[in-house]
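In what follows, a structure is listed as structure tokens, so that the remarks can point back to it.
Positions are given from 1 along the sequence. Whatever order the structure lists them in is the order used to number ligands and atoms, beginning at 1.
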Amino acid sequence: MKNVIIRPAEEKDLQAINDILNYAIVHTNYNLNEHTRSFEEAQQWYAEHIAEGYPVIVAEKDGTVLGWASLSWFRRFSGYRTTAEVSVYVSHQYRHKGIGTMLVTELERMARKYHMLIAVITDNNTASLSLHSRCGFIPMCTFRELAYKNGEYVSVTFMTKKLN
Ligand SMILES: CC(C)(COP(=O)(O)OP(=O)(O)OC[C@H]1O[C@@H](n2cnc3c(N)ncnc32)[C@H](O)[C@@H]1OP(=O)(O)O)[C@@H](O)C(=O)NCCC(=O)NCCS
């Protein structure tokens, strides 16, 4: 897709970022939250990322946010500080056009201080498994029936990429 800009997210992007996330929460079990995120919770999430130096980026075309991605703490124990968890979401109208790949590639460029990136992916999320494989992540293990959403147990695959 042409003329897509990848840039750091700003406060003004939060509504679009949250709408894209909430669409996935409502329509899939790829995100294992069962309740949508309020705008106030999104503001808190964004503020925590900025304060702790974790990047949040967006893909924008002609002023419209098409997708976003972030790095976040992987568990809150200090010994995990060398690992960051990848999140990537693309608006459903714009999927399969290379935007997810652009976002993950840019996140990785911004992730040099980490030793390991991890993606936690539900086992039925073919697109995310493909995207992360394509970006060099390796499936390390699948936890069978680790979560529960929409009336069924969900298996979850951990994929990692060692950076240095
Ligand atoms: C996962 C997601 C971010 C991928 O974004 P995208 O912009 O569609 O990804 P890309 O176009 O860059 O494609 C990346 C790879 O995924 C594959 N892919 C994308 N959509 C796919 C689909 N619907 N089915 C199968 N493969 C798919 C592509 O073929 C490509 O791999 P390939 O070129 O080696 O074939 C997007 O589908 C999404 O937002 N899904 C909902 C939220 C989500 O699941 N986030 C991840 C949580 S772990």
Side-chain angles (χ1 to χ4, degrees), residues 1-9 13-38 41-42 45-46 49 54-75 80 83-111 114 116-150 152-163:
M1 196 175 196
K2 287 185 181 162
N3 301 325
V4 177
I5 300 164
I6 307 290
R7 60 165 175 81
D13 304 314
L14 274 181
Q15 188 65 57
I17 288 173
N18 214 35
D19 289 347
I20 293 169
L21 176 81
N22 282 335
Y23 184 93
I25 291 176
V26 170
H27 291 96
T28 73
N29 64 6
Y30 304 157
N31 178 300
L32 287 160
N33 276 313
E34 295 180 286
H35 304 287
T36 54
R37 187 174 70 178
S38 70
E41 287 168 329
W45 166 87
Y46 178 73
H49 279 71
Y54 285 104
V56 182
I57 59 176
V58 293
E60 178 196 306
K61 183 178 161 79
D62 301 332
T64 302
V65 172
L66 311 182
W68 63 272
S70 63
L71 292 179
S72 306
W73 45 90
F74 173 68
R75 312 198 78 198
Y80 284 113
T83 293
E85 182 172 343
V86 174
S87 297
V88 53
Y89 286 79
V90 174
S91 177
H92 63 282
Q93 303 106 306
Y94 297 101
R95 291 186 194 154
H96 224 157
K97 297 180 190 300
I99 295 167
T101 303
M102 290 171 72
L103 285 163
V104 172
T105 303
E106 176 60 11
L107 262 192
E108 192 181 325
R109 202 188 60 75
M110 300 171 86
Y114 297 102
M116 190 75 77
L117 296 182
I118 186 163
V120 177
I121 305 172
T122 59
D123 214 25
N124 58 346
N125 193 351
T126 317
S128 188
L129 292 166
S130 301
L131 164 63
H132 286 88
S133 289
R134 178 188 211 185
C135 292
F137 285 69
I138 296 168
M140 300 307 291
C141 59
T142 298
F143 296 97
R144 298 279 160 219
E145 302 184 2
L146 189 66
Y148 187 84
K149 185 172 177 183
N150 295 335
E152 60 184 13
Y153 289 102
V154 182
S155 299
V156 177
T157 295
F158 280 28
M159 295 184 78
T160 61
K161 181 169 183 176
K162 196 180 333 188
L163 297 182

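Taking distance alone, with nitrogen or oxygen atoms compared against 3.5 Å, G100 approaches ligand 1 more closely than that limit. In terms of N/O distances under 3.5 Å, ligand 1 is approached by N125. Here's the thing with T126: none of its N/O atoms is less than 3.5 angstrom from an N/O atom of ligand 1.
Evaluated by nearest non-hydrogen atom to atom 41 (C) of ligand 1, the leading choice among H27, H132, R95, M159 is R95. Comparing A127, A24, A119 by heavy-atom distance to atom 24 (N) of ligand 1, the nearest is A127.
Residues R95 and V90 come closest through the heavy atom pair NE-O, 2.9 Å.
In this structure, a donor-acceptor pair under 3.5 Å is absent between the side chains of T64 and D62. Defined by atom type and a distance below 3.5 Å, a donor-acceptor pair is missing between the side-chain atoms of T142 and S155.
Residue-level proximity to ligand 1 for K97 is carried by the backbone, the only part with a heavy atom below 4.0 angstrom. Under 4.0 angstrom from ligand 1, there are no non-hydrogen atoms of T122. Residue contacts with ligand 1 for R134 involve side-chain atoms from C-beta outward but no N, CA, C or O (heavy atoms, distance under 4.0 Å). With a heavy-atom cut-off of 4.0 Å, T101 touches ligand 1 through backbone and side chain alike.
Under the 4.0 angstrom criterion, atom 45 (N) of ligand 1 counts as having a protein heavy-atom contact.
Classified by interplanar angle (parallel below 30°, tilted 30° to 60°, perpendicular above 60°), the ring pair Y23/H92 is parallel.
Looking only at heavy atoms of the protein, atom 17 (C) of ligand 1 is closest to S130 CB, 3.6 Å. The protein heavy atom nearest to atom 3 (C) of ligand 1 is V88 O, 3.7 Å. With respect to atom 39 (O) of ligand 1, the closest heavy atom belonging to the protein is V90 N, 2.7 Å. Atom 48 (S) of ligand 1 has its closest protein heavy atom at S128 OG, 3.4 Å. In terms of protein heavy atoms, atom 42 (C) of ligand 1 is closest to Y89 CD2, 3.4 Å. Closest protein heavy atom to atom 8 (O) of ligand 1: H96 N, 2.6 Å.
Judged by distance alone, the side chain of E108 and the main-chain N or O of T105 form no donor-acceptor pair under 3.5 Å. For the pair K61 (side chain) and K2 (backbone), a donor-acceptor distance under 3.5 Å is present.
A distance of 10.5 Å separates CG in L117 from CD in E85, rounded to the nearest 0.5 Å. We find the CD1-CZ distance between I138 and F158 to be 16.0 Å, quoted to the nearest 0.5 Å. To the nearest 0.5 angstrom, W45 atom CH2 is 8.5 Å from N18 atom CG.
A salt bridge is defined here as a Lys NZ or Arg NE, NH1 or NH2 lying under 4.0 Å from an Asp or Glu carboxylate O, and E34 with K149 fails to meet this definition. No salt bridge links R37 with D19; every basic N to acidic carboxylate O contact stays at or beyond 4.0 Å.
Counting atoms of ligand 1 from 1 in the listed order, those under 4.0 Å from a heavy atom of L131 are 3 (C), 4 (C), 14 (C), 15 (C), 16 (O). Heavy-atom contacts of V120 reach the following atoms of ligand 1: 48 (S) (cutoff under 4.0 Å).
You'll find the ring centres of Y54 and W73 inside the 6.0 Å limit.
Remark: distances from the non-hydrogen atoms of G98 to ligand 1 include one below 4.0 Å.
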